[in-house]
2 protein chains.
Amino acid sequence: MGLTIYDIAKEAGVSASTVSRVINARPGIKKSTRERVEKILRDSNFSVSEAARGLVNQTSRMLGILVSDIRNQHHIEGAYMIEQHFMKKGYCSLILNAGDTDESRAEYIRILSSRRVEAAVLIGSVFQSEKVRKAIIDYMPTTPIVFQNGEFDLSNVSSVVADETEGTAEAVRYLYNQGRRNIAYINSNDTPSNRKKIAGYDKACAELGLESILSVSGDSAEESADTTEHLLSEHPELDAIIYAVDLLCVGGARRLLDLGKSIPKDIALIGTDNSPFSILANPRLSTIDTKLFELSSACSDILEKAIENPSYTEHVVIRPSLVLRETT
Amino acid sequence: MGLTIYDIAKEAGVSASTVSRVINARPGIKKSTRERVEKILRDSNFSVSEAARGLVNQTSRMLGILVSDIRNQHHIEGAYMIEQHFMKKGYCSLILNAGDTDESRAEYIRILSSRRVEAAVLIGSVFQSEKVRKAIIDYMPTTPIVFQNGEFDLSNVSSVVADETEGTAEAVRYLYNQGRRNIAYINSNDTPSNRKKIAGYDKACAELGLESILSVSGDSAEESADTTEHLLSEHPELDAIIYAVDLLCVGGARRLLDLGKSIPKDIALIGTDNSPFSILANPRLSTIDTKLFELSSACSDILEKAIENPSYTEHVVIRPSLVLRETT
DNA sequence: GAAATTTTTGAAATCGATTGCAAAATTTTT
DNA sequence: AAAAATTTTGCAATCGATTTCAAAAATTTC
């Protein structure tokens with residue numbers, strides 16, 4: 001297929017070693033030979049096989065980024081930052097959707113190990129499972145890994161997590177201080193991350209002596225609208241709802257408006273994540289900002305240090321903050 | 001670092017060839033040896049080095065997906081479909097942000113060539129440049145490439161494009177038929193794709209004897225809001241605006257509402273792309289659906305055939321359709 | 001039970017780079 | 001101009017797989 005350094009060597013009348021030295025700017029090559037080889041290199045559109053190079057050097061210059069769903073703005077934002085940052089250093093990123101079962105997610109760890117990635121990033125709390133943990137122990141026991149939004153107690157795994165429990169509790173307290181006394185929570189899928197949010201909701205309700213009103217919605221705006229309407233019919237006294245995800249909040253807001261409710265006068269709404277579209281929504285969403293950007297950039301920083309020094313790990317907790325806009 | 005087949009071979013008391021045969025399910029291995037080797041393979045958590053394998057087999061089982069900005073829902077949706085589809089076939093996807101200059105985009109072609117990807121996908125009309133074209137000729141002259149939303153007249157490049165000219169013209173005609181006579185167009189960045197849209201707008205205006213009122217906005221919702229307001233102050237007679245991007249339409253809608261305009265009574269709005277959030281917006285956006293899904297799945301289909309038969313190419317044009325919701 | 005046939009296995013070459021070491025070429029010193 | 005020192009270059013081994021070809025082992029045939 002492509003040219004090899006042997007082709008270049010023959011053309012230049014030198015050995016492959018010399019070509020290799022020119023390519024890698026090694027010293028001890030006569031200026032005239034270097035220039036001759038360089039010219040041929042340029043004219044022939046040669047490109048080094050990274051696979052062959054990696055085999056010798058025991059490196060791949062590849063990163064593995066595992067996300068549960070790349071279409072999620074949330075996840076892609078993290079993948080983007082890391083990809084951009086490491087591309088500048090000559091690393092390519094294998095960005096993979098890790099499927100939706102623990103088996104499949106564990107399998108992806110094996111795939112990354114087969115590709116000999118130099119480091120990996122796990123984005124999303126769904127990776128928190130015994131199967132994935134075991135796969136890491138089996139297949140990547142020493143590869144630096146950064147887990148965004150989850151933790152493993154393993155010597156090669158760093159973590160960057162948002163304190164979602166506290167973030168959600170904070171939202172409840174805020175609503176309480178605004179005089180709301182009937183605060184419901186609408187959850188999405190059952191993930192470790194969402195369990196932490198609910199823990200925060202329950203904790204704050206207990207603290208404040210409020211009734212905990214929990215409901216679960218499918219993960220589309222439309223389903224959330226239905227869930228919201230249904231919840232309201234069962235609890236007409238509701239004066240605030242917190243949603244586990246901004247998208248659900250948008251769906252709920254829309255339906256409440258259609259039902260003639262006034263937001264936030266009749267009912268206050270708080271979403272979660274401060275997703276890009278939350279500020280585009282009408283009304284603009286108040287939301288629990290899980291500090292996606294900080295999370296991702298912390299991952300990127302840790303990864304960088306860990307690639308330098310594979311035994312480096314770090315555990316970062318980032319505290320969410322409340323962003324108040326038009327729904328509270 | 002990891003185990004090699006030689007380690008496995010020693011452990012099993014056989015040669016590396018035998019291990020290789022077992023791994024690849026080649027025939028002619030005694031059942032008892034096969035089972036012994038398989039057991040060791042399982043117990044040792046061995047994983048084949050794809051790089052070494054690729055070197056021998058002259059394959060990489062990697063795909064290159066170049067996008068101009070992975071955070072763009074638009075682009076990521078395409079990358080997602082392709083990644084998902086080919087992962088099932090054992091391919092890993094290098095998803096790369098190709099930067100924002102023609103030089104950098106061309107450079108990424110070289111990077112993919114260095115990684116010896118078996119096929120590549122270009123997502124976004126911005127790749128339509130002489131530099132990229134030359135990079136393809138130089139570095140990937142025979143690698144199957146599918147260009148989503150652009151074309152190169154090269155024997156290895158397939159294309160899947162939306163007929164944005166016609167799609168936009170269609171939107172103008174629709175508004176005209178609804179009785180609108182003062183239809184403006186707000187464009188975003190100057191890209192080949194956006195130029196096609198404007199061509200369609202201008203064409204339809206000419207056909208219908210309308211004045212062409214063109215304005216350009218920055219690419220945030222806020223900037224679009226400002227542009228919209230400014231445009232309206234200069235052309236108070238406006239009764240419809242088409243936006244090159246849904247996001248801009250959301251920004252515009254919001255500002256118009258704030259200015260006390262009624263949508264669509266006073267002024268009708270049409271976005272472009274049918275982005276996921278366009279249906280979440282309030283009011284729900286009418287939009288020119290550029291058939292992202294069809295586009296991506298056509299790319300995926302072509303890619304599949306092209307990997308089988310590297311000289312296969314195809315050129316697909318998909319016609320956008322108008323999705324009418326609450327802003328018209 | 002020896003010969004012929006078939007099945008199973010391993011040695012060695014290969015893929016495309018990199019690198020240590022020794023040989024060749026060049027320059028410096030005498 | 002020869003010897004010594006230095007610079008430049010190439011040979012060969014290596015990375016971790018796969019595959020061809022021939023040898024060894026097992027099976028069948030006579």
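Note on naming: letters A, B, ... go to the chains in the order of the sequence lines (proteins, then strands), and numbering restarts at 1 for each one.
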Length of the line joining Ile8(B):CD1 and dA17(D):C1', which is rounded to integer Å: 13 Å
Does Arg26(A) place a side-chain N or O at less than 4.0 Å from the phosphate oxygens OP1/OP2 of dT19(C)? yes
Side-chain donor or acceptor of Arg53(A) under 3.5 Å from a matching atom on the base of dG16(D)? no
Spacing between Asn24(A) atom CG and dG20(C) atom C1', to the nearest angstrom: 16 Å
Rounded to whole Å, how long is the line connecting atom CZ of Arg115(B) with atom P of dA17(C)? 13 Å
Check step by step if side-chain contact (heavy atoms from CB on, under 4.5 Å) holds for Leu96(A) and Leu112(A). CA-CA 9 Å; Leu96(A) 306 179; Leu112(A) 288 183; 3.9 Å; yes
Counting just side-chain N and O atoms, does Gln58(B) come under 4.0 Å of either OP1 or OP2 of dG16(C)? yes
Salt bridge or not for Asp102(A) and Arg105(A), using N-O below 4.0 Å? yes
Write down the distance between CD (Glu50(A)) and C1' (dC15(C)), rounded to a whole number of angstrom. 16 Å
Rounding to an integer number of Å, can you tell me how far Arg116(B) CZ sits from dC15(C) P? 14 Å
Between Tyr6(B) (side chain only) and Ala16(B) (backbone N and O only), is there a donor and an acceptor less than 3.5 Å apart? no
Over the length of the helix from dG1(C)-dC30(D) to dT30(C)-dA1(D), how much do the five-pair end axes diverge, rounded to 10 degrees? 50°
Residues Arg110(A), Glu107(A): salt bridge by 4.0 Å N-O rule: yes
Counting only side-chain N and O atoms of Ser15(A), is one of them less than 4.0 Å from OP1 or OP2 of dG10(D)? yes
Under 4.0 Å between a Lys/Arg side-chain N and an Asp/Glu carboxylate O for Glu118(B) and Arg61(B)? no
What I'd like to find out is whether the side chain of Val14(B) reaches to under 4.5 Å of the side chain of Arg36(B), using heavy atoms alone. yes
What is the nucleic acid contact for Val19(A), judged by heavy atoms within less than 4.0 Å: base, sugar-phosphate only, or nothing? nothing
Give every pair of a protein N or O atom and an N or O atom of nucleotides 6-8 of chain D that lie under 3.5 Å apart, one pair per line with the distance.
none

Please figure out whether Ala16(B) or Thr18(A) has its closest DNA chain D nucleotide nearer the 5' end. Thr18(A)
For the pair Lys134(B) and Asp138(B), find out whether any cationic side-chain nitrogen is under 4.0 Å from an anionic carboxylate oxygen. yes
Any non-hydrogen side-chain atom of Glu83(A) less than 4.5 Å from a side-chain atom of Ile70(B)? no
In whole Å, I'd like the distance from the OH atom of Tyr6(B) to the P atom of dA17(D). 8 Å
Would one find a side-chain N or O of Ser20(A) under 4.0 angstrom from OP1 or OP2 of dT18(C)? yes
Quick check against the 3.5 Å criterion: does Ser159(A) have a side-chain atom that pairs as donor or acceptor with the backbone of Glu151(A)? no
Taking C-beta and beyond as the side chain, do Asn156(A) and Ile145(A) meet within less than 4.5 Å on heavy atoms? yes
Please determine if a side-chain N or O atom of Ser49(B) lies less than 4.0 Å away from the OP1 or OP2 oxygen of dG16(D). no
Please determine, for the side chain of Val48(B), which listed nucleotide (dG16(D), dA17(D), dG10(C)) has the closest atom? dA17(D)
Want to settle it: does Val14(B) or Ala52(A) sit nearer the 5' end of DNA chain C, counting the closest nucleotide to each? Val14(B)
Side chain of Arg21(A): nearest nucleotide among dT19(D), dC21(C), dC15(C)? dC21(C)
Starting the side chain at C-beta, find the nucleotide from dT19(C), dA17(D), dG10(C) nearest to Asn57(A). dT19(C)
In whole Å, I'd like the distance from the CZ atom of Arg61(A) to the P atom of dA17(C). 16 Å
Is a donor-acceptor pair below 3.5 Å formed from side chain Ser17(A) to base dC11(D), judging by atom type as modelled? yes
